[in-house]
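As the structure is a computational prediction, the values presented were derived from the model and not from experiment.
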Amino acid sequence: MVRHIDDLREAVRATKQERPFHIDAWVVLPDHMHTVWTLPLGDDDFSNRWKSIKIRFVQKLPRTERRSNVRIAKGERGIWQRRFWEHAIRNENDYMRHVDYVHWNPMKHSLVKQLKDWPYFSFHRYVRDGLYPDDWAGGLESQLEVTERE
């Protein structure tokens, strides 16, 4: 995904114009991504937003990925997982744990030694806005207990 980051950003921009949402936190990794979004009050349609982003993104990419017979039969690309996992935030602590988890992912996957060195995530906005120091996450790994299925 990071090889085509501009196409992904454009897919997100277009989807946000069509179906508004706020990006609270986002990290794009080489083979997956994590997000925390806030949708408009009374709107819980994560699915169609993800569908729109995925469709717009893959339309820009050459069809070079490996696809299973099932995906071929269904006309699906082999880039995305079929499903996504959503979690309704319960309180402020839950929210911050998930935002921290999103931002810690480049270190979790050993992509960088310092988070500030990963270019594809909202961490830089959090540093700019004074919510994290630019050396955040040093020694915090054991405190981040959010899992991808929580």
Exercise for the section: Begin with the C-alpha distance, continue with both residues' side-chain angles, and end with the deciding distance and a verdict on side chain to side chain contact (heavy atoms under 4.5 Å, CB included) for R56 and E10. Expected result: CA-CA 8 Å; R56 284 184 165 108; E10 182 52 38; over 6 Å; no
Fill in the blank from the handout: Contacts satisfying salt bridge (charged side-chain N to carboxylate O under 4.0 Å, His left out) that involve residues 112-122 (not counting sequence neighbours) are K116-D134
Handout entry: Check: A11 main-chain N/O paired with T15 side-chain donor or acceptor under 3.5 Å
Key = yes
Problem - Atom pair OH (Y101) and NE2 (H87), whose distance is rounded to the nearest 0.5 Å - result: 12.5 Å
Handout entry: Gap separating the CZ atom of F123 from the CE atom of M107, nearest 0.5 angstrom
Key = 9.5 Å
Problem - Value rounded to 0.5 Å, distance of CD1 in I53 from NZ in K16 - result: 9.5 Å
Completion exercise
P133 and V127 have their tightest heavy-atom pair at O-CG2, 3.9 Å
Exercise for the section: Take V28 and H34 through the side chain to side chain contact (heavy atoms under 4.5 Å, CB included) test and state the conclusion after the steps. Expected result: CA-CA 7 Å; V28 179; H34 297 280; over 6 Å; no
Completion exercise
Residues passing the side-chain hydrogen bond (donor to acceptor under 3.5 Å, both in side chains) test with Q114, sequence neighbours excluded, are none
Completion exercise
Between S122 and A25 the two heavy atoms that sit nearest each other are OG-CA, 3.1 Å
Exercise for the section: Check ring pair (Phe, Tyr, Trp, His ring centres under 6.0 Å) between F21 and all other residues, then give those that pass, not counting sequence neighbours. Expected result: W37
Exercise for the section: Please assess M33 against L8 for the test side chain to side chain contact (heavy atoms under 4.5 Å, CB included), listing each intermediate value before the final yes or no. Expected result: CA-CA 11 Å; M33 59 186 148; L8 179 60; 4.0 Å; yes
Handout entry: Euclidean distance, H109 NE2 relative to D31 CG, rounded to 0.5 Å
Key = 7.5 Å
Completion exercise
For Y126 and D24 the tightest heavy-atom approach is OH-O, 2.6 Å
Exercise for the section: Go through the structure and list residues passing ring pair (Phe, Tyr, Trp, His ring centres under 6.0 Å) with Y120, not counting sequence neighbours. Expected result: W118
Practice task
Mind checking the CD-CG spacing from E18 to N48? Nearest 0.5 Å is all I need.
Solution key: 9.0 Å
Handout entry: Over 12 foreign heavy atoms within 6.0 Å of NZ, K51
Key = no
Practice task
Check for a donor-acceptor pair, side chain of N91 on one end and backbone N or O of D94 on the other, with a separation under 3.5 Å.
Solution key: yes
Exercise for the section: Identify the two heavy atoms, one from P40 and one from P20, that lie closest to each other, and give their separation to 0.1 Å. Expected result: CD-O, 3.3 Å
Exercise for the section: Consider only side-chain N and O atoms of Y132 and H103, and report whether a donor and an acceptor are under 3.5 Å apart. Expected result: yes
Practice task
Determine yes or no for a side-chain-to-main-chain donor-acceptor pair under 3.5 angstrom, with T38 supplying the side chain and H22 the backbone.
Solution key: no
Exercise for the section: Could you tell me whether R97 and D100 make a salt bridge, using a distance below 4.0 angstrom between a side-chain N and a carboxylate O? Expected result: no
Practice task
Go through the structure and list residues passing side-chain hydrogen bond (donor to acceptor under 3.5 Å, both in side chains) with S47, not counting sequence neighbours.
Solution key: none
Exercise for the section: Would you please test H124 and F121 for ring pair (Phe, Tyr, Trp, His ring centres under 6.0 Å) and show each step? Expected result: CA-CA 7 Å; H124 302 289; F121 67 151; 5.3 Å; yes
Completion exercise
For D45, the salt bridge (Lys or Arg N to Asp or Glu O under 4.0 Å) test, sequence neighbours excluded, returns R19
Handout entry: Passing option when V12 is tested against I23, T35, D7 for side-chain contact (heavy atoms from CB on, under 4.5 Å)
Key = I23
Practice task
Write down the atom of L39, the atom of R49, and the distance for their closest heavy-atom approach.
Solution key: CD2-NH1, 3.5 Å
